[in-house]
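I have placed the structure first, in the form of C-alpha cells, so that the comments after it can refer back to it.
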Amino acid sequence: MVESEHDAETGENTIVLRPNGSLSRKQAWALLAFCGLLMGMIGFFSFLVGAWLVLPFSGLEWLLLAYCLHLSLRQSQLREVITITDAVVRIEKGRDRPEQTYKFQRAWVMIDWMQSPIRGRPSRLALKLHGKEVEIGRFLVESERQALARELKVLLH
Amino acid sequence: MSVATHDDAHAHDHHDHGPAKGFMRWVTTTNHKDIGTLYLITGLIMFFVGGAMALVIRAELFEPGLQYVDPHFFNQMTTLHALIMVFGAVMPAFAGLANWMIPMMIGAPDMALPRMNNWSFWLLPFSFVMLASTLFMDGGAAAAGWTLYPPLVLQTGNALPFTVFTVHMLGMSSIMAAINIIVTVFNMRAPGMTMMKLPLFVWTWVITAFLLIAVMPVFAGAVTMLLTDKFFGTSFFNAAGGGDPVLYQHLFWFFGHPEVYILILPSFGIISSIIPTFSRKPLFGYASMVYATSAIGFLSFIVWAHHQYTVGMPIAGELYFTYATMLIAVPTGVKVFNWLATMWKGAMTFETPMLFAIAFVVLFTMGGFTGLMMSISPADLQYHDTYFIVAHFHYVLVPGAVFALFAAAYYWLPKWTGHMYDERLGQLHFWLTTISVNICFFPQHFVGLAGMPRRIPDYAVQFAEFNAMSSVGAFVFGFSQLIFAYVIYKAIQGGEKATSEVWEGAEAHGLEWHLSSPPPYHSWTEAPPKEIISDLH
C-alpha cells in the first residue's frame, strides 16, 4: 500500500510504502490468546485426569503458532518511507524504526523501472545515482508499484 | 532527474521466474500450487493403497469361513486401511485442495509460510513408508484398529514404536499445515476481502485448522503414553499399576471425534462452492452457513464419549452425551436446508461435479441419520461394535468426504490443468461409484442390526448374502476409481481448452475464476480489484 503526504509549509513530500497485511498486532494477540486459552484448557484438564503428557505437546504447538504468526507479521510490518525535499531524496527502510537510510541528491537521482521479461511476473523499481541503487516497493503489488513509479516521476521532475 | 525503463536488462537478477526443472522442482518447491499437487497425488496414491487393503478385507468377507488371510493379518488390514484412508488419503487430499485454492480464493500470492509448507508435505511420504514397513516387522503391523486401544495395542510386536512415530510425524505435518492456513487466511487476505466475504471453502478450512491444532496434542500425548507404558514402565493405561485403559479411550475420542469433523468440514465448503455454481444462484444463507460450521466445530469438542457408551459410564453422563450429540443435527440440518434452498428454482445443470455434490447431500444425510440413531445411548448398546457402525461411518466418509473430493477434483481440474476433463467418462465414474458404494455399504446396516460384529474375519452363515453383495459392491467401487485416475491423467495430457471462468457464471462465485486456466505460477502478484471482491456472491 502507498500513502502520500505533502507538507505545504516545508514543501516536503513523504511517501510511505507498506505490504498488505490483513491482521493487526492487536488481532494477532487476540488470536493467540484464544488459541492459548483453548489449548491450555485442554492441556490442563488432561493434566487433571492424569494425562499430563498432553500439556507439553499443547505448549509446544502454541509456541509454534506464535512463532509463525510473528514471522508473518514481521513481514507485513516492513515500511519504506521516501522523503523528497528540495535538495535530497531520503529513503528509510525498517520496521518499528528506520534500520537503513539512503540519501540521493534530488537533482540527479534516476528512477529505474524494469519490467520482467516473463509476463505476469513482478516489475522492479529502484532509485539510483552514481552506481548506488536502492530497490523500493518490492513488496507492493504490480499496480501499486506502477502508480508509485508514475508519482515519483511527477514529484522528481 | 531521469527515468530509465528496461525490459530485460536485469532479468537475471530475478530469482522467481517460474518452476525449476526436473525432479528437484518437487523436492525443493515452496509454491502453493506445486505443494498442493504433491498433496493431491499422494492422497490419490494412498487412496489406492488403502483401497487395496479394503479389497483384501472384502475378499475375505465374501463368504463365511476363513479363505485368504489369517485373522491376525485381517486385523492388520482393518487397522492400516483406516489409518491410511484417514491420514493418508482424505486429510492430504483436503490439504492439497487448501494449498491450491486458499491463496487463489483470498487474493494472496502464496501461503504465508512456504518453506514450512514444503516440510509439512515431505513428512508424509516418509511417514507412510514407515507405516507400510511395519507390515514386514516381527509380529506384523499394529492390529488393534485405528483407535489403537490399550491393552490390545500393547501386544503389537516391533511395530508399535514405528506406528507411534508415524502418528507423531503425521500429526506434525497436520499441525504445520493448519498453522499455515490460519496465518495465511488471517494475515494475507487481499484488501476488501473481509472475513464475511471469504468463500465457504476457506471458512470451513479455517475452522478445521482450529480443530486440528486444538486436538492434535491430545492424540500425540495419548500415543506417547502408550509408548511409555510399553517401554518405560509407566502405568497411564495399566490397571495393575493404578492406571486406567478407559482414560485412553477418552483421550483418543477427544481427538477422534473432532477428527471426524476435520474430515467432513472441508467437504461442506466444497459442496457450498459447487451447488451455487451449477444452480446459477448465490448460496442461500451464507452467514448461517458460517455460524453452522462454527457451531459444528464447537459441538465436536463436547460429544466425544458417545463412542464409549458401553464402558459403563454414569447414566447422567450417558444422558448428557446423548443430548449433546443430538444437538449436532441442528447446524447440520441448517446446512442441508441451505443447499436445498440454493438448488430450489435454480437453473440447474448436472455436470459431474454437481452430480457428486447432489449425491453427497443425499447420502451424507443418510449417514447423518444413522449417526442420530447411535447418539441415543440405550439404542447404541445394540449397535456398538457391529457392522451398523461400519455402515454409518462409511456413509459419512465415502459418499461424504470422498465424494466431496471427487466433486472438487472435477470442479477445479479444468482450472488446474487448463483442459476440460472428459465429461462422458466423468459421468460413467459417477454412476458406477454411486451405485456400487450403496451396494457395498447399505447391506452392512442390516447385518449390523442383526448382530454381525466388526473386525472379525468370519461370520455366521445368516449374514452370507448381504456380505457377498457388499463385497461385489466394494470391488466394483474399487475398480471404478481407475476411471477417475484416467480422467485426471487425460486432462493433464490435454483436451479441450478451458476458459478462465470454466463454468458459466462461476466468476461471481470466487476469485479463483478470475485467474487464467491454468493459473500463473504465482497467483495474484497483483491484488484483485476491490470491485470484483465486493461483487462476489
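Worth knowing before you read on, the calculation uses all heavy atoms, side chains too, and leaves out hydrogens, waters and symmetry mates. Naming convention: chains lettered A, B, ... in sequence-line order (proteins, then strands); numbering from 1 in each chain.
- If you measure heavy-atom distances from A:L65 to chain B, the contacts under 4.5 Å come from both the backbone and the side chain.
- Within a 6.0 Å sphere centred on CZ of A:R95, other residues, nucleotides and ligands contribute more than 12 heavy atoms.
- Per-residue heavy-atom pair counts under 4.5 Å with chain B were compared for A:C35, A:G59, A:S58, and the maximum is reached by A:S58.
- The closest side-chain heavy-atom distance from B:H168 to A:F57 is below 4.5 Å.
- With a 6.0 Å radius and a threshold of 12 heavy atoms from other residues, nucleotides or ligands, B:F232 has its CZ atom at or below the threshold.
- The heavy-atom pair separating A:E61 from B:I179 by the smallest distance is O-CD1, 4.2 Å.
- The environment of CZ in B:F301 is crowded: more than 12 heavy-atom neighbours from other residues, nucleotides or ligands sit within 6.0 Å.
- Listed options A:L53, A:L31, A:L73 were ranked by heavy-atom pairs under 4.5 angstrom with chain B; first place goes to A:L53.
- Between B:N180 and A:C68 the shortest side-chain heavy-atom distance does not fall below 4.5 Å.
- Considering all non-hydrogen atoms of both residues, B:A214 and A:I42 come closest at O-CD1, 3.6 Å.
- In this pair, B:F210 and A:F34 present their aromatic rings perpendicular. The plane angle is above 60°, beyond the 30 to 60° band.
- For B:I213, the parts lying near chain A are the backbone and the side chain together; criterion is any non-hydrogen pair under 4.5 Å.
- Other residues, nucleotides and ligands contribute at most 12 non-hydrogen atoms within 6.0 Å of the CZ atom of A:F47.
- Residue B:L113 holds its CG atom at 9.5 Å from OH of A:Y67, rounded to the nearest 0.5 Å.
- With a 4.5 Å cut-off on non-hydrogen atoms, B:F254 touches chain A through its side chain but not through its backbone.
- Surrounding NZ of A:K93 are more than 12 heavy atoms belonging to other residues, nucleotides or ligands, all under 6.0 Å away.
- For A:L38, the part lying under 4.5 angstrom from a heavy atom of chain B is the side chain only.
- Only the side chain of B:F236 comes within contact range of chain A, judged by heavy atoms closer than 4.5 Å.
- The closest donor-acceptor contact from the side chain of B:N187 to the backbone of A:L69 lies at 3.5 Å or more, if one exists at all.
- B:M176 is listed as a side-chain neighbour of A:L64, based on a closest heavy-atom distance under 4.5 Å.
- One finds the CZ atom of B:R189 at 8.0 Å from the CG atom of A:L23 (value rounded to the nearest 0.5 Å).
- For B:A112, the part sitting under 4.5 Å from any heavy atom of chain A is the side chain, from C-beta outward, and nothing else.
- Going from atom CD1 of B:I106 over to atom OG of A:S22 covers 7.0 Å, rounded to the nearest 0.5 Å.
- A:E99 CD: more than 12 foreign heavy atoms inside a 6.0 Å radius.
- For a residue to count as touching a neighbouring chain, one of its non-hydrogen atoms must lie under 4.5 Å from one of that chain's; by this rule B:M116 touches chain A with the side chain only.
- Side-chain N or O atoms of A:S72 include none that pairs as donor or acceptor with a backbone N or O of B:V183 at under 3.5 Å.
- Only the backbone of B:A190 comes within contact range of chain A, judged by heavy atoms closer than 4.5 Å.
- There is no contact between A:L129 and chain B, counting heavy-atom distances below 4.5 Å.
- No more than 12 heavy atoms of other residues, nucleotides or ligands lie within 6.0 Å of NZ in B:K530, so this atom counts as exposed by the packing criterion.
- How far CE of B:M188 is from CD of A:Q75: 8.5 Å, rounded to the nearest 0.5 Å.
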